Amino acid sequence: MNILLLGSGGREHAFAWKITQSPRCNQLFVAPGNPGTAEVAINIPLGVTDFLGIYKFIQTQGIDLVVIGPEEPLVKGLVDYLHAQPGMEYLLIVGPSQPGATLEGSKDFSKKFMLRNSIPTAAYATFQANQLVEGLAYLEQQSLPIVLKADGLAAGKGVLICENLEEAKSSLKEMLVDAKFGEASSKVVIEEFLTGIELSVFVATDGVSYKILPEAKDYKRIGEGDTGLNTGGMGAVSPVPFADAAFLSKVEECIVKPTIKGLEKEGIPYKGFLFIGLMNKDGEPYVIEYNVRMGDPETEAVLPRIESDFVDLLTAIAGGTLASYTIQLSPKTCATVVMVSGGYPEGYEKGFSIFLPEKSIGSVLFHSGTARSESGMLTNSGGRVLAVTGMGANLEEALAAAYGTIEKVSWKKAYFRRDIGQDILRLGFKSLNLEAEAL
Ligand code: AMP
Ligand code: GLY
């Protein structure tokens with residue numbers, strides 16, 4: 001197959017790495033890609049929202065399968081656009097239709113969807129700009145902390161957890177009236193704060209059948225011990241010991257099944273990945289959010305654990321034949337550590353030369369925010385620069401492999417967390433309650 005993959009992050013490098021391991025892949029193109037994807041595929045200088053450019057490329061290059069990595073083109077309707085072009089009605093695409101992508105594109109839509117389909121989630125209310133007074137009055141009635149969420153896409157920044165009422169009130173005003181997150185916060189979801197442990201669950205679906213992929217735990221804060229500002233993700237671990245069979249079966253029965261059934265019942269086409277961010281509250285799962293794509297850096301820890309042919313999985317999703325696909329997963333542990341530019345998630349300098357080891361034993365190094373200078377030197381060009389995934393028979397081995405490789409990577413002002421996975425090792429996660437108490 002000739003395959004076009006859209007995106008340019010570590011997630012897409014991991015996809016490209018996995019796709020090109022399949023004997024079914026003839027040629028892989030990545031648009032726009034990064035220096036990492038260039039090692040395994042051909043990068044094409046096309047933006048992920050250049051719908052016309054993407055359509056023309058598919059047409060002229062005889063592309064058989066399109067895989068869409070990030071949410072933005074999905075929420076903007078790329079899948080519907082491509083399927084509406086002459087001769088492309090049956091083009092194989094991994095990525096949901098625009099109505100499906102609204103599960104991530106509008107928090108209010110996703111909350112209503114969960115309510116309609118009896119999917120456990122935090123209690124909430126939604127307010128628009130002309131309802132500030134009602135919104136402020138609602139806040140007065142709630143317990144603290146309280147969560148404010150911009151309805152639309154806000155590059156991962158649209159969620160505020162407010163510890164006191166004054167902060168909540170001024171934040172609500174800033175979001176609704178002063179457009180703190182632009183158009184995205186013209187509607188705000190006010191949500192009950194859930195206490196517990198977070199887990200990321202990934203589902204592949206063709207809209208009718210589904211396969212549950214390995215789960216992951218991610219590390220969102222910039223600082224060790226989960227301190228400091230939120231980031232796109234500083235690390236991930238899979239599998240997650242506290243996600244035992246009993247808990248995962250609750251996730252499947254109470255969340256995954258009603259979600260897929262709900263999509264089908266409501267006539268929402270969905271052929272793609274669904275990333276369910278959930279909270280384990282006293283042993284019960286609650287949905288925090290849906291994302292209509294794989295996570296980054298979770299993908300870098302999840303894909304290496306899929307042993308069955310990955311292009312077969314992608315074509316089964318896109319072609320609606322997932323029911324007859326058998327997924328095989330590896331019991332090995334993957335630990336991903338993200339290396340970032342010093343200063344991220346605030347301001348940082350770009351353009352420093354990156355030195356990589358010749359070999360990375362027991363680990364894979366995925367590129368995210370890297371670029372090639374005119375002289376061909378690898379440089380840092382984004383906040384999150386590299387994601388190193390170590391693999392092993394257990395978490396200790398996986399972490400040793402990841403950090404062993406990281407020791408050999410250098411550039412000026414590089415930063416990474418040294419404590420990825422340490423909470424899991426420390427607590428042992430023998431019992432869910434023990435773990436929840438400790439956090
Ligand atoms: P989101 O963008 O929806 O993933 O939210 C970002 C982060 O905010 C989540 O990963 C959680 O850590 C936290 N969060 C969001 N909603 C809630 C909630 N209702 N209760 C507690 N924490 C939350
Ligand atoms: N790592 C979180 C995300 O991809 O949304």
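Counting convention: from 1, in listed order, for ligands and their atoms alike. Quick caveat, the model's predicted, so the values are computed rather than measured. Excluded from the calculations below are hydrogen atoms, water molecules and symmetry mates; all remaining heavy atoms, backbone and side chain alike, are included.
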Q. Applying a 4.0 Å heavy-atom criterion (strictly less than), which segment of Val147 is in contact with ligand 1: side chain, backbone, both, or neither?
A. side chain
Q: Before giving the answer on side-chain hydrogen bond (donor to acceptor under 3.5 Å, both in side chains), spell out for Thr259 and Tyr290 the whole-Å C-alpha distance, their side-chain angles and the decisive distance to 0.1 Å.
A: CA-CA 10 Å; Thr259 299; Tyr290 289 116; 2.8 Å; yes
**Q.** Residue pair Arg11 / Asp296: nearest heavy atoms and the distance that separates them
**A.** N-OD2, 3.1 Å
(Q) For atom 20 (N) of ligand 1, which of the options Leu160, Ile146, Leu194 provides the nearest non-hydrogen atom? (A) Leu194
Q.
Does the plane of the ring in Phe366 sit parallel, tilted or perpendicular to the ring in Trp17? Use 30° and 60° as the thresholds.
A. perpendicular
Q) Looking at Tyr415, is Lys413 sitting on its ring face, NZ or CZ under 6.0 Å from the six-membered ring centre and within 45 degrees of the normal? A) no
Q) At a 4.0 Å threshold, what atoms of ligand 2 neighbour a non-hydrogen atom of Phe275? A) 3 (C), 4 (O), 5 (O)
**Q.** Top protein contact for atom 13 (C) of ligand 1, by heavy-atom distance
**A.** Ile161 CD1, 3.8 Å
**Q.** Protein contact to atom 5 (O) of ligand 2 [nearest heavy atom, distance to 0.1 Å]
**A.** Arg293 NH2, 2.9 Å
Q: Determine whether the side chains of Asp80 and Ser97 contain a donor N or O and an acceptor N or O closer than 3.5 Å.
A: no
Q) Is Glu140 close to Lys169 at the side-chain level, that is, under 4.5 Å between some pair of heavy atoms? A) yes
Q: Show which atoms of ligand 2 fall inside a sub-4.0 Å distance from at least one heavy-atom site of Gly232.
A: 1 (N), 2 (C)
Q.
Taking 4.0 angstrom as the limit and counting only heavy atoms of Phe193, give me the atoms of ligand 1 inside it, by number and element.
A. 20 (N), 21 (C), 22 (N)
Q.
Which of the numbered atoms in ligand 1 are under 4.0 angstrom from any heavy atom belonging to Met279?
A. 21 (C), 22 (N)
Q. Quick one: nearest non-hydrogen protein atom to atom 15 (C) of ligand 1, plus distance?
A. Ile288 CG2, 3.4 Å
Q: Number the atoms of ligand 2 from 1 as they appear, then name those within less than 4.0 Å of a heavy atom of Gly295, with their elements.
A: 4 (O)
Q.
Angle between ring planes, Phe275 versus Phe202, binned at 30° and 60°: parallel, tilted or perpendicular?
A. tilted
Q: Before accepting this row, confirm whether a basic side-chain N of the pair Lys412/Glu349 lies closer than 4.0 Å to the acidic partner's carboxylate O.
A: no
**Q.** Minimum-distance protein heavy atom relative to atom 19 (N) of ligand 1
**A.** Glu191 OE2, 2.6 Å
Q. Do Glu198 and Lys220 sit within salt-bridge range, that is, some charged N less than 4.0 Å from a carboxylate O?
A. yes
Q.
Using side-chain hydrogen bond (donor to acceptor under 3.5 Å, both in side chains), reason through Ser8 and Asn34 one step at a time and then give a plain yes or no.
A. CA-CA 5 Å; Ser8 60; Asn34 64 34; over 6 Å; no
Q: Measure Glu298 to ligand 2 on non-hydrogen atoms and call it side chain, backbone, both or neither using the 4.0 Å cut-off.
A: side chain
Q: Just need the protein heavy atom nearest to atom 16 (N) of ligand 1, so name the residue and atom and give the distance.
A: Lys149 NZ, 3.0 Å
Q. Could Arg417 and Asp419 be called an ion pair, given the rule that one side-chain N must be under 4.0 Å from one carboxylate O?
A. yes
Q | Distance from atom 4 (O) of ligand 1 to nearest protein heavy atom, with residue and atom | A | Glu289 OE2, 2.6 Å
Q: Show which atoms of ligand 1 fall inside a sub-4.0 Å distance from at least one heavy-atom site of Lys220.
A: 10 (O)
Q. Under a 4.0 Å heavy-atom limit, does Arg384 contact ligand 2 with its side chain, its backbone, both, or neither?
A. neither
Q) Any ion pair linking Asp151 and Lys111 (charged N to carboxylate O, less than 4.0 Å)? A) no
Q: Could you find the nearest protein heavy atom to atom 5 (O) of ligand 1 and give me its residue, atom name and distance?
A: Val159 CG2, 3.4 Å
(Q) Quick check: Gly233 and ligand 2, any N/O pair under 3.5 Å apart? (A) no
Q) How far is atom 9 (C) of ligand 1 from its nearest protein heavy atom, and which residue and atom name does that atom have? A) Glu198 OE1, 3.6 Å
